[in-house]
Amino acid sequence: MNGAKKILFLLRQPPYATSHALEALEAALVAGVFEQEVSVLFKDAGVWQLLSDQSGDVLATRTIGKIVTALPEYDIDSLYVCAESLAERHLTVQDLVLPVTVVSVAAQGDLINAMNAVVND
Amino acid sequence: MATLHIVNKSPALASCLQTAALEDTILLIEDAVYQASVPTERKLLALTDDVDARGLKARVRRNVSVVDYDEFVNLVTTHQPIVSWR
Amino acid sequence: MKLSIAVHGAPYSSQSSSTAVKFAAAALVAGHEIYRVFFYHDGARTPDSLAVTPQDEKSVLDRWLALKQIHDFELTVCIGAALKRGMLNAEESQRYDKAAANVSAEFEVVGLGQLIDAIMISDRFVTFAA
C-alpha cells in the first residue's frame with residue numbers, strides 16, 4: 001500500500017504472566033488490517049511466544065501460539081526471531097509454532113534502523 | 001538517521017547494548033539511570049531528573065552525558081526509529 | 001514535528017506516565033505538535049477519575065489534564081485494555097450494566113486502530129514502557 005509505514009513490533013516479554021504479549025500481538029494484527037508493512041521480532045523472553053504446544057485454556061486465556069500463527073493471515077510475513085535468544089533457551093526452529101527467519105543480534109541493529117516506527121510490547 | 005534506544009530498567013540495558021548499532025544513541029531514563037553509575041564501555045546518555053532524584057549526580061561515569069527533557073525532545077526529532085527497552 | 005506517544009505503565013507501578021507527561025510538555029514548549037497520546041496495557045489505568053492522590057503528591061492524571069487544557073491534543077485510551085482493567089466511561093458502563101463510570105471525560109476511549117493511525121500520521125512515535 002502506498003505510504004504504508006514500516007512498523008516493527010519488538011516482542012521481548014514472555015506470554016501468560018502478563019497481558020503484554022497478547023495485547024502487543026493484537027496491535028500487530030490491527031496494523032496488518034491497516035495494510036502497514038509490519039515486521040515482528042521475537043527477542044529475549046519473547047521467543048517463548050513461539051513455542052509449540054501451548055495451551056492457554058489451562059489458564060482460562062487465549063493461546064498466544066495460536067495468535068502468532070494468525071499473523072501471516074493478516075499479511076504479516078516478516079517474522080524474525082533472535083538467534084542468540086533461542087540458543088540461550090536451548091530452542092531451535094523445530095520447537096517453534098511456525099516458520100520464522102532467524103536473525104543474529106549483529107543484524108538486528110540494522111533491521112530496527114530500517115523501520116519508520118517500533119512498537120514495544 | 002540513527003536509532004534512539006530508550007532504556008527504562010537496568011536489566012534491559014544488556015540486551016539493548018548487544019543490539020544497538022555503533023552509531024545509535026542510548027538514553028537511560030527512570031531506573032536505568034543506576035547503570036550510569038557503573039563502568040560502561042559505550043557512551044550513554046542519562047536523563048537528568050531521574051539522575052538527580054536518585055542521588056546519582058556525583059556518581060555518573062565520565063562517558064555518560066546527562067541530558068534534560070529539552071534535549072530528550074531533540075533526540076527524538078534527530079533519530080528514527082525510537083525503541084524502548086524495559 | 002508531529003509526535004505521538006504511547007504510555008504503557010500505570011501510575012505507581014511505573015514511572016512511565018510521569019516521564020511521558022514531562023516529555024510531552026517539553027515537546028509542546030519546543031513548538032512540536034502532539035498528535036495523539038495512546039494509553040495501552042496498564043497505562044489504561046491512568047484516566048481513573050476515582051483515584052484520590054495523597055496531599056504531598058501530584059497526580060499524573062491531573063498533570064495530563066492540565067497540559068491538555070493549555071495545548072489541545074488527543075488523550076486516548078485503548079478500549080480493550082481499559083474494559084478488562086475496570087476502566088469504563090459512561091457509555092461503556094451503561095452498555096455493560098456496571099455500577100459506575102470512572103474514565104476521565106477528557107480521555108477518548110478508542111480502538112487499536114487509533115494507535116496504528118497515530119503511527120501512520122506522525123513523524124515520530126515514542127513509547128514510554130511500563
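A note on names: the letters A, B, ... follow the listed sequences, proteins ahead of strands, and every chain is numbered from 1. Everything numeric here is computed off the predicted structure, so don't read it as measured data.
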* Structure fact -> Of the listed C:Ala26, C:Ser14, C:Ser18, the one with the largest count of heavy-atom pairs under 4.5 Å with chain B is C:Ala26
* Asked: Which value, rounded to the nearest 0.5 Å, describes the distance between B:Asn8 atom CG and C:Gln15 atom CD?
  -> 8.5 Å
* Asked: Can you tell me if CD on C:Glu33 sees more than 12 non-hydrogen neighbours from other groups inside 6.0 Å?
  -> yes
* Do other residues, nucleotides or ligands put more than 12 heavy atoms under 6.0 Å from the CZ atom of B:Arg59? -> no
* **chain B contact via C:Ala25 - side chain, backbone, both or neither, heavy atoms under 4.5 Å** => neither
* Asked: If you look at every heavy atom in C:Ala129 and B:Arg86, which pair is closest and at what distance?
  -> CB-CB, 3.9 Å
* Structure fact -> If one checks every heavy atom of B:Asp49 against chain C at 4.5 Å, the contacting part turns out to be side chain
* Interchain contact, B:Asp68 with chain C, by part (heavy-atom threshold 4.5 Å) -> neither
* Asked: Measuring from B:Leu47:CG to C:Lys22:NZ, what's the distance to the nearest 0.5 Å?
  -> 7.5 Å
* Asked: Is the count of non-hydrogen atoms from other residues, nucleotides or ligands lying under 6.0 Å from C:Lys58 atom NZ greater than 12?
  -> no
* Examine distances only and state if a side-chain atom of C:Arg124 and a backbone atom of B:His79 form a donor-acceptor pair shorter than 3.5 Å. => yes
* For atom NZ of C:Lys98, is the number of surrounding heavy atoms from other residues, nucleotides or ligands below 6.0 Å larger than 12? -> no
* Please indicate whether C:Glu57 has more than 12 foreign heavy atoms, meaning atoms of other residues, nucleotides or ligands, lying under 6.0 Å from its CD. => yes
* Structure fact -> Most contact-rich option vs chain C, by heavy-atom pairs under 4.5 angstrom, among B:Ile29, B:Asp70, B:Thr77, is B:Thr77
* Asked: Given a strict heavy-atom distance threshold of 4.5 Å, which part of C:His32 is in contact with chain B: side chain, backbone, both, or neither?
  -> side chain
* Structure fact -> With chain B, the option among C:Val29, C:Thr127, C:Asp123, C:Leu3 that has the most non-hydrogen atom pairs under 4.5 Å is C:Thr127
* To do: Can you tell which part of C:Phe125 gets under 4.5 Å to a heavy atom of chain B, answering side chain, backbone, both or neither?
  => backbone
